S.K.: 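One structure is given below, represented as structure tokens, and several questions about it will come after.
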Amino acid sequence: MRSLNRMFFAELLKLWRQGIAIVGLLACGIAIFVMSTGTIRALETSRERYYRSYRFADIFAQLVRAPASLLDRISEIPGVKSATGRIVRDVLVDVPEMVEPVSCRLVSIQHDARHAVNGLYLRSGRLPEPSDRVEVVVSELFAQAHDLKPGDSLMANMAGRLERLHVVGIGLSPEYVYVVQPGLLLSDDRRFGVLWAHQRDLAPAFNMEGAFNHLSIELHNGANRSEVIHRIDVLTKPYGGLGAYDRSEQESHQRVSDEMHQVRAMAILSPTIFLLVALFLLHIIFSRLVHQQQESIATLRAFGYYPREIGWHYTKIVLVWVCAGVALGIVVGMRVAVWMGSLYMMFFRFPSMDPPSLSWEWIAAILMSFAVALLGSFTSIRAAMRLPPAVAMKPESPTRFRSATMGGGWIFARIGPVARMVVRRLESNPWITLFSTIGLALGLAILVLSAFMQGTIDYVIDHQFSASQRQDMTFTFRENCSASALQDVLHMEGVRAAEPFRSIPIRIRHGHRSKRLGLIGLDAQPQLFRVVNEQNQSIDFPDGSGLAITRKLAELIDAVEGDIVEIELMEGQDRSITLPIATIFPNYTGPAAYMNRFELHRLLEEGERISGAFLQVDMSQRENVYRQVKETPAIVGILDKQAAVANFKSIIARSTFWMRTINALFAAFIAFGVSYNSALIAYTERARDLATMRVMGFSRRELAAILLSEMGIITLLAIPIGIPLSYAFCYWTTLAVDTESHRFPMIFRLDGFVYGISVLIASIALSSFAVLRLLRQIDILAVLKVHG
């Protein structure tokens, strides 16, 4: 075996502690990247295969009532492959084990439901058949939440008539990969589900024989979508068309796409942090190693070894560490990606979830790891290759000291000898001190980031459900009702107060940008459902006040306060109006727009009509209110805020606990890896000095104080650097997870910093303890031995 090969294995054995830290950091970065990209790839392939196999529609449209003959005219539009008309109605369902009524969406299907547009995938049972009873297929998550299976039954209020629904199957549809009740932030599978029934059974119940109220269209490849949407709007307008919209605006598809966007953004941010820390550590380790071995390197050069052989010797050490880190990261990342897929199946329903597979992103991550590792060690390896043989014959130059600058010379003159040694040590190795400080600061930043989301979520809950939504319940009516409906609601036993609202679908335009959403009309000074500004102060809607829109909507249409926007009315109207934007306010759900309710009535040229009501309820009479709702056919939707908050907290706890735990573990590993290497480097470089001091009579406790003081100063320097880094990381995270359906504000709490600093100090204490064990095992004679 050649001398360099023997040296190579000896170096690997000697540096095994530093190697473990480097391998661990690289493995963490690769694991997060593989986990994120593998999850994205699995979601994308599963979704696209599902969409393709079960013919997910390209365009959707809602109507009031259109004859079936309209489908032939729509099918003649250039680019339309097929047009399907369905009956879609929201109903209240009585589930035996629940006191409150449950909102469900009834969707009609035909005999060939498995192969039709928005085809139905059966998990169990069979498809509904027209008979003397109403048979339904139940969405899978709703069935699981209520332990429903074929043979069970439900009672539904269908247009004022109680009807027993017989469950004959459990199924899925690409139209409802993510099922969420309108008005909620997250899905609630106990209180909202989808039921598919045969069209012949639904048509008589809703007076829709030979008619439909929902349109699904499949397009040919290359079809002009905007032109098709325009033609559909023209044809459906006489039948109460509410405006056709593209797949990108479909609720389920948009939610899944937003989630993919967030995971994709995190796949870049977190691995970058780990790789940066690994780069710093590699630079520190190899700088020290080459400095310590410069006499040996020069001697090898004097014996005829080429610079490239010496460079390759050190490069092999880097490559071994990188290969080990990449291999470990891929294995861990694959396993976590599989687990992440099962976690997403709690919310997104596909017939099957594809396992994570090798993709070009992984190859890019591997190449990036090698590039980072070589970049971190490049300067030191190049210095080793350029070291001339004459250095082997030249004794090391004594260290050049100058006046102390840390803390000022007058402080330096008043501190003890041990403290002076610590300050001299840090000043004489400025780059190692700097990189160790930055590494610990990055560890602190990612620790704070792992705790950041909890404070943000708490703020969103308080803002959304306390400051803004003060109602206990929200009723949605089957049709827009007269003002007398509010009096009927107020007469319900247990209802203390009620505020009406009017909603209408619109398309808002500003310049060349537009967005389809609902415009909500509120009272001039709403008390139960308030629109609040950044200071949590209620925004009033006096007559003529104009629009109040969310900040996200303002971003989507590129508008600011004072701009005039065009409002295209989509409910029985064939005209547009213009309104000024009076207020832009923060909001953490989907885009929304509000205005004065009576002004909206005037713009619609209608009398006082209401779409629903916000209620304050005597909670001791809650069950009594539920009973009355079940007996009121005009109510087709109910939102219980207390149940919504409990569901929100439960879902967030389930979905974020493990992710926050994984991030915290990775962050703690960064802090431990950096602090351990810094302490180990300090010990290794000062081993001779420490042994000399031991011979001179210094106790082990005093030697330990020297090492611990160095780490303490580096930690104190890292904390003020880590705090702004924490802010930057959290800010980038809020940008990365900012989607159309939801976003998170920048909320910093003291406990997040306390948590990060506490874990950092604990990691440093643990790593220092490991190094101090080496100090107790120091061999004075071996260290002081003079090598020939």
Side-chain angles (χ1 to χ4, degrees), residues 1-31 33-34 271 274-333 362-389 391-392 431-432 435 439 669 673-674 676-678 680-681 683-685 787:
M1 182 180 293
R2 297 179 59 189
S3 299
L4 283 181
N5 288 336
R6 289 196 295 271
M7 288 180 60
F8 167 70
F9 289 108
E11 294 292 351
L12 282 180
L13 184 62
K14 180 181 177 181
L15 300 172
W16 68 271
R17 295 181 180 87
Q18 292 94 324
I20 289 177
I22 296 297
V23 169
L25 286 171
L26 290 173
C28 288
I30 294 296
F33 190 83
V34 168
F274 284 97
L275 293 179
L276 283 176
V277 176
L279 185 148
F280 290 148
L281 286 184
L282 280 166
H283 181 79
I284 295 172
I285 291 171
F286 277 89
S287 296
R288 179 189 62 82
L289 184 63
V290 171
H291 175 74
Q292 287 182 334
Q293 296 184 350
Q294 63 178 5
E295 291 186 7
S296 301
I297 295 169
T299 303
L300 289 173
R301 290 282 287 110
F303 277 97
Y305 284 92
Y306 294 107
R308 65 175 181 272
E309 293 177 303
I310 295 173
W312 177 241
H313 163 71
Y314 288 107
T315 303
K316 285 191 295 184
I317 298 175
V318 177
L319 294 179
V320 168
W321 288 349
V322 174
C323 289
V326 168
L328 180 60
I330 289 177
V331 172
V332 173
W362 295 17
I363 299 174
I366 293 171
L367 295 177
M368 185 169 56
S369 299
F370 279 97
V372 166
L374 294 175
L375 181 63
S377 57
F378 172 75
T379 303
S380 302
I381 294 176
R382 184 179 62 176
M385 295 173 64
R386 292 182 174 181
L387 200 64
V391 175
W431 289 110
I432 291 179
F435 287 132
F669 188 87
V674 173
Y676 180 71
N677 270 277
S678 299
L680 191 61
I681 288 170
Y683 167 78
T684 304
E685 289 193 340
H787 295 278

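Quick caveat, the model's predicted, so the values are computed rather than measured.
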S.K.: Might you point out which heavy atoms bring Val34 and Gly333 nearest each other, and give the distance in Å?
M.R.: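 So the minimum-distance heavy-atom pair works out to CG1-C, 3.7 Å.
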S.K.: To the nearest 0.5 Å, what is the distance between CE (Met385) and OH (Tyr306)?
M.R.: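 Result: 13.5 Å between the selected atoms.
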S.K.: How close do Val326 and Ser369 get, heavy atom to heavy atom, and via which atoms?
M.R.: CG2-CB, 4.0 Å
S.K.: If I take atom CD1 from residue Ile297 and atom OH from residue Tyr305, how far apart are they, to the nearest 0.5 angstrom?
M.R.: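 So the gap between those two atoms works out to 13.5 Å.
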S.K.: Measure across Ala384 and Tyr314 and return the closest heavy-atom pair with its distance rounded to 0.1 Å.
M.R.: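 Nearest heavy atoms, Ala384 then Tyr314: CB-CE1, 4.1 Å.
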S.K.: Would you check if Ile366 and Ile330 make a side-chain contact, meaning some heavy-atom pair closer than 4.5 Å?
M.R.: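 Ile366 vs Ile330: side chains touch.
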S.K.: Heavy-atom distance under 4.5 Å between the side chains of Trp312 and Leu319, does that happen here?
M.R.: yes
S.K.: Answer whether the closest heavy-atom distance between the side chains of Phe8 and Val320 falls below 4.5 Å.
M.R.: yes
S.K.: Under the side chain to side chain contact (heavy atoms under 4.5 Å, CB included) rule, what do Leu12 and Trp321 come out as? Steps first, then yes or no, please.
M.R.: CA-CA 9 Å; Leu12 282 180; Trp321 288 349; 3.9 Å; yes
S.K.: If you apply the rule side chain to side chain contact (heavy atoms under 4.5 Å, CB included), what do you find for Leu26 with Val322, and how did you get there?
M.R.: CA-CA 7 Å; Leu26 290 173; Val322 174; 4.0 Å; yes
S.K.: Nearest 0.5 Å please: distance from the NZ atom of Lys316 over to the CZ atom of Phe9.
M.R.: 7.5 Å
S.K.: Nearest 0.5 angstrom please: Ile317 CD1 to Ile381 CD1, how far?
M.R.: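 The CD1 atom of Ile317 sits 8.5 Å away from the CD1 atom of Ile381.
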